[in-house]
There are 2 protein chains.
Amino acid sequence: MANIQQVAKQAGVSVATVSRVLNGQNTVSAKTKMRVEEAIKKLNYEPSLLGRNLRTSESRLLLILIPTISNPFYLEIIKGIEQVAISQNYNILLCETDSNPQKENIYFDLVRKKMADGIITMDPAVNVETLKKLAENYAVIQCSEYEECTGIPYVTIDNEEASYRAVKHLIQIGHHKIALMNADEKYLFARLRKMGYKRALEENGITLKNEYIISTSNLGFENGQYAMKKILNLQDRPTAVFAVSDLLAIGALKEINIAGLHVPNDIAVVGFDKIDFSNMTNPTLTTIAQPMRKMGNVAARMLIEKIKGEEVESIILDHELVIRESTSR
Amino acid sequence: MANIQQVAKQAGVSVATVSRVLNGQNTVSAKTKMRVEEAIKKLNYEPSLLGRNLRTSESRLLLILIPTISNPFYLEIIKGIEQVAISQNYNILLCETDSNPQKENIYFDLVRKKMADGIITMDPAVNVETLKKLAENYAVIQCSEYEECTGIPYVTIDNEEASYRAVKHLIQIGHHKIALMNADEKYLFARLRKMGYKRALEENGITLKNEYIISTSNLGFENGQYAMKKILNLQDRPTAVFAVSDLLAIGALKEINIAGLHVPNDIAVVGFDKIDFSNMTNPTLTTIAQPMRKMGNVAARMLIEKIKGEEVESIILDHELVIRESTSR
DNA sequence: TATAAAAATGTAATCGATTTCATTATAAAA
DNA sequence: TTTTATAATGAAATCGATTACATTTTTATA
């Protein structure tokens, strides 16, 4: 495979001139440019990014850290990131961490060792200290899920308000006995969503019942089933469930079905995220739509600015309540 | 940020010695090694992979090309690939092509320009000629979906046999009127699965009805709904449906439900792929399990061998029929 | 036509590592 | 102690590009 030297030789010019043609600089005469282009074609030459990147000290690779690729919630965010990245000549590297510090470290290393220019993380909780230290020397952005105290810029929605609106919707259609299927409170979003839940109840004079709040270690389908079983066994059974992820909600749906009850007539269900599958269930799921594509766009833009050394501010985006069959009669 | 020169200076040795310590060569005396390691720690030094990779002419990056990340079918394969890749000190880059030649070319370019060492493609149909040409000079492996004529090594299952077994299962539980919800026959797997379907019917003396075979442009949920609508409108309605993807099958499930019919009592349904969601539906879905993790493992191993310049042979793996509620009474 | 200014091109340093070959220090053998 | 073999280290080339600066060629101006 040819390199720039051979192209220069073939075209009868210096490597500098070839490089100029390659980078579209206009200081090359039309005649020379043609000769170089012919040589490139003849030798089937492809410039090595390794050489270029070493010289320019960049890789034009962005890392996206997600806990797991099996959660469809990330899909649209990733597309949003990719959209901006590609348009700015960056490529993205999808990295699944399984929330495992060791795996995470493999990807952090890629940044430390200059093979990637920056990181967008959607699971900052794994190892906050390491992340914080990394962010001192490298470009890091938090997306969707974030840690406030790190000083690392983030883009997210107002989780407290979103949760408040979901619960308020349930109250408005007549529910008083509303369960909250929440994530572990080590996550900021879980704490915020609980606050929104509480506020909606308080404002409507409903007393909070602690047994109506169930925590799950994970946001998956099975966790939803498990949590719903618990809820169904309560002696004063709730008539509505607000789950903080669609997968949890879909698990709940299934379990309610198994119990021979009807959604929404016996129990109404609200999810969170508006993943594709939330529209494929029976009944379709009422849920909170995060502006995922936009969130991805913004995160990518922030990261690229950060890479360029600019100051970036955290951003909070709007959300939306999507009402579907699981809460309508 | 420090480089190898500064480390050498700090430790009072040459860069060669630092490099030796970095690469764990045993020709360095214990005393010197310690001095170098102290210098590394003191300067917070991280070796640049750009420098190393340029010198060694490798990137240790593998590209995985998938049509879309929203199809859960790829999840487990990707994990399988990652498992082997990480263990051999490679990193993977997940690339969504949307079956779009332009997007595909961005990723091919990464290989041509030495930023990636090889490609595993799960959607070779996009641009067979380009792929073939790429494979002449670079390491390429086809995984799951493949083109026979390209001469590019592949790993897959026996699609004809898998399809045969799915349909035979339906026949064994008493069905004669079996619809096939197939993909576009431009795909090899679609042609093979149709052959398996035919063989099962023939062997059991069932005449093939052309109106029972529906082609969909895509393997998604909506396509399944749409195709099922067509099937439900047939005057001699089938009592069973074999869909060549779980997403199609889930779409069918939904549509049958809407029509007020029961699965499996009125219509039995079989899917293909055993994606996670196939166990979350109501009823759970009978489906063909591809050994996805293993397929990923094998594909990665094949690619790495190819990168090392070894000859690799195509491989066909076993599959399995998983019987669940959608075909049991 | 001579001279100055602008455009085109080339030379060589550089990015940060690895690695070959030469050299020096150390240990073993005579 | 001297010689020889071996281990440890260093100097410098190399990977393939970009780019500052120097030089040559061309064009414009007087």
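Below, chain A is the first sequence line, B the second, and so on; all start at residue 1.
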What are the two closest non-hydrogen atoms of [X] and [Y], and how far apart are they?
{"X": "B:Q290", "Y": "B:S144", "value": "OE1-OG, 4.2 Å"}
{"X": "A:K33", "Y": "A:V28", "value": "N-CG1, 3.8 Å"}
{"X": "A:L61", "Y": "A:Y90", "value": "N-CD2, 4.2 Å"}

**Study point:** Separation of D:dA7 C1' from B:R20 CZ (nearest whole Å)
**Key:**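 So the two atoms are 11 Å apart, to the nearest Å.
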Practice item. Both distances under 3.5 Å, Watson-Crick or G-U wobble: report the partner of D:dA30, or none. Key: C:dT1
Exercise for review: Provide the Watson-Crick or G-U wobble partner of D:dC15, both distances under 3.5 Å; none if there is no partner.
Suggested key: C:dG16
Practice item. Could you check which residues of residues 44-56 of chain B get a heavy atom under 4.0 Å from DNA chain C? Sort them by number, please. Key: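 Correct list: B:Y45, B:E46, B:P47, B:S48, B:G51, B:R52, B:L54, B:R55.
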Practice item. Strictly below 4.0 Å, heavy-atom distances to any atom of DNA chain C: list the hits from residues 28-40 of chain B, or just say none. Key: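 Contacts with DNA chain C under 4.0 Å: none.
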**Study point:** Sugar-phosphate only, base, or nothing, as touched by B:V13 at under 4.0 Å among non-hydrogen atoms
**Key:** sugar-phosphate
Practice item. Scan A:T17 against the nucleic acid and name what it touches under 4.0 Å (heavy atoms): base, sugar-phosphate only, or nothing. Key: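 Sugar-phosphate, no base atom in range.
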Exercise for review: Determine, for A:R60 against A:E58, whether the closest basic-nitrogen to carboxylate-oxygen distance falls under 4.0 angstrom.
Suggested key: yes
Check your understanding: Quick one: do A:K132 and A:E147 make a salt bridge, cutoff under 4.0 Å?
Key -> no
Flag side-chain contact, heavy atom, 4.5 Å: [X] against [Y]:
{"X": "A:L63", "Y": "A:I92", "answer": "no"}
{"X": "B:L303", "Y": "B:I307", "answer": "yes"}
{"X": "A:V13", "Y": "A:V36", "answer": "yes"}

Point to revise | Contact boundaries on DNA chain C for chain A, cut-off under 4.0 Å to non-hydrogen atoms | key: C:dA8 to C:dG16
Review point. Start at the 5' end of DNA chain C and walk down; is the nucleotide closest to B:A2 or to A:T27 reached first?
Key: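 Upstream on the strand: A:T27.
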Exercise for review: Look at the side chain of B:N3 and the backbone N and O of B:Q6, then say whether any donor-acceptor pair between them is shorter than 3.5 Å.
Suggested key: yes
Review point. Which of these, B:N127, B:D123, B:T68, sits in a side-chain hydrogen bond (donor to acceptor under 3.5 Å, both in side chains) with B:S99?
Key: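 Exactly one candidate clears the test, B:D123.
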Review point. Mapping A:M1 and B:A16 to their closest nucleotides on DNA chain D, which lands nearer the 5' end?
Key: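 Nearest nucleotide further toward 5': that of B:A16.
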Check your understanding: Do B:N53 and B:S59 pass the side chain to side chain donor-acceptor pair (under 3.5 Å) test, and can you show the C-alpha distance, the side-chain angles, and the key distance before you say yes or no?
Key -> CA-CA 6 Å; B:N53 291 346; B:S59 64; 5.9 Å; no
